[in-house]
Amino acid sequence: MELVPVLLLALVCVLPATVLGEPRMYGGEVATRKDYPYMAIVAHARDVVGNGVIISFKWVLTTSTVLNQYQPTEFCAVIGGDTLSSSSWYDVKRIWKHPEWIGDFYNIGLLQLLRAIKYTPTVQPISIATDSPPSLEGTMISFGENESGSTRMQQAPVTLYSDDTCLNSLRSELNRMIVRKGHAYCIAARNGKELRFESDDNGGAIVANNLLYSLFDIDNDREMVPSRVTDPEMRNWVHGMIDKLGA
């Protein structure tokens, strides 16, 4: 009897996705796994719902908002290619949302995979940075359809910041509290281009010097408040879960 739910999950993950989600990350540029080998697609019932990053053999990190939109079953991690069709599908054993997650407070989550990811030169984990700077120039990476109709991995240079300029730009007092708490940033393009993000960009990695600093999030009111995963409380929860349940 124990084999039945595993088999059903496997059937979900071996079938190709039929829906690619909303167009997103307009204004970005094509990226490759050679540059970002840790990127993953988060799918639910064969539909792309967000992004994640590989942090260990059986663990993909994303945001709780990505995981909270759907039933906890039928999640898959899609890993290994520059596009959905060129990637491998991994069954998810269980999803975990930070126990104190609410809104964008503690907005991180984990996908625990049934089988270990096979590492290759273009499939590798990323480490979470140990410092948590108030501002940062980095690169955001996300999968999805762009303005040219491509569904390849995309990249865009961005600035993360949390100063008064950030606070004054936010309409929501809750979001201002989250930034003050150190759980989120504001985000802006830094190449003069206008970027447009959608909800399927959630979980997109924001990195610098090959370290993870943030995961993108856009809320229901379309305010962009990327999760600051370098916050010690969130970073320690991630590492604690992996230590407790096995890498």
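It should be emphasised that the depicted structure is a prediction, and the values quoted were computed from it without experimental measurement. Counting begins at 1 with the first residue of the sequence.
- Gln112 and Trp59 share no side-chain donor-acceptor pair at under 3.5 Å.
- Note that NE2 of His183 is 13.5 Å distant from CG of Asn175, once rounded to the nearest 0.5 Å.
- The minimum heavy-atom distance linking Val123 with Gly80 is given by the pair CG2-CA, 3.8 Å.
- For the pair Tyr213 and Ser227, the minimum side-chain heavy-atom distance is 4.5 Å or more.
- Counting only N and O atoms by type, the side chains of Ser132 and Asp231 include no donor and acceptor under 3.5 Å apart.
- Annotation: side chain of Thr159 is not in contact with side chain of Leu136 (no heavy-atom distance under 4.5 Å).
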(request) Please report the C-alpha distance between Leu113 and Val92 in whole Å, then the side-chain angles of each, then the deciding distance to 0.1 Å, and finally whether the side chain to side chain contact (heavy atoms under 4.5 Å, CB included) criterion is met. (result) CA-CA 4 Å; Leu113 307 183; Val92 172; 3.9 Å; yes
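- Judged purely by atom type and a 3.5 angstrom limit, Thr122 has no side-chain atom pairing as donor or acceptor with the backbone of Lys34.
- Between Asp217 and Thr65, the side chains place a donor N or O and an acceptor N or O closer than 3.5 Å (distance only, hydrogens not considered).
- Between Pro121 and Pro37, every side-chain heavy-atom pair lies at or beyond the 4.5 Å cut-off.
- Considering Ile79, Val60, Val78 as possible partners of Ile41, the one that fulfils the side-chain contact (heavy atoms from CB on, under 4.5 Å) test is Val78.
- A side chain to side chain donor-acceptor pair (under 3.5 Å) with Tyr106 is found for one member of Lys97, His98, Glu233 and no other, namely Glu233.
- The backbone N or O of Phe197 sits nowhere less than 3.5 Å from a side-chain atom of Asp201 that would complete a donor-acceptor pair.
- The pair Arg222-Glu198 meets the salt-bridge criterion, since a charged nitrogen lies less than 4.0 angstrom from a carboxylate oxygen.
- Residues Ile206 and Ile187 have side chains in contact (heavy-atom distance under 4.5 Å, counting atoms from C-beta outward).
- For Arg235 and Thr230, the side-chain atoms include no donor-acceptor pair closer than 3.5 Å.
- Inter-residue side-chain proximity for Ile128 and Leu211 is flagged as unmet; no heavy-atom pair is nearer than 4.5 Å.
- Cation-pi geometry between Arg115 and Tyr90 is met: the NZ or CZ atom falls under 6.0 Å from the ring centre, inside 45° of the normal.
- Between Tyr70 and His44, the two ring planes are parallel [angle under 30°; tilted spans 30° to 60°].
- Using a 30° and 60° split on the angle between ring planes, Tyr119 and Phe57 fall in the parallel class, below 30°.
- Counting heavy-atom neighbours within 6.0 Å of Asn236 CG, excluding the residue itself, gives a total above 12.
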(request) Could you please spell out the steps behind the salt bridge (Lys or Arg N to Asp or Glu O under 4.0 Å) verdict for Arg176 and Glu223? (result) CA-CA 11 Å; Arg176 288 192 287 269; Glu223 284 208 313; over 6 Å; no
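- Between Arg33 and Tyr38, the closest side-chain pair of non-hydrogen atoms is not below 4.5 Å.
- When all heavy atoms of Ala184 and Ile178 are compared, the pair lying nearest together is CB-CG2, 3.5 Å.
- Using a 4.5 Å cut-off on side-chain heavy atoms (C-beta onward), Trp237 and Leu110 make contact.
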(message) Set out, in order, the CA-CA distance, both residues' side-chain angles and the distance that settles side chain to side chain contact (heavy atoms under 4.5 Å, CB included) for Ile108 and Thr63, then state yes or no.
(response) CA-CA 4 Å; Ile108 51 172; Thr63 61; 5.8 Å; no
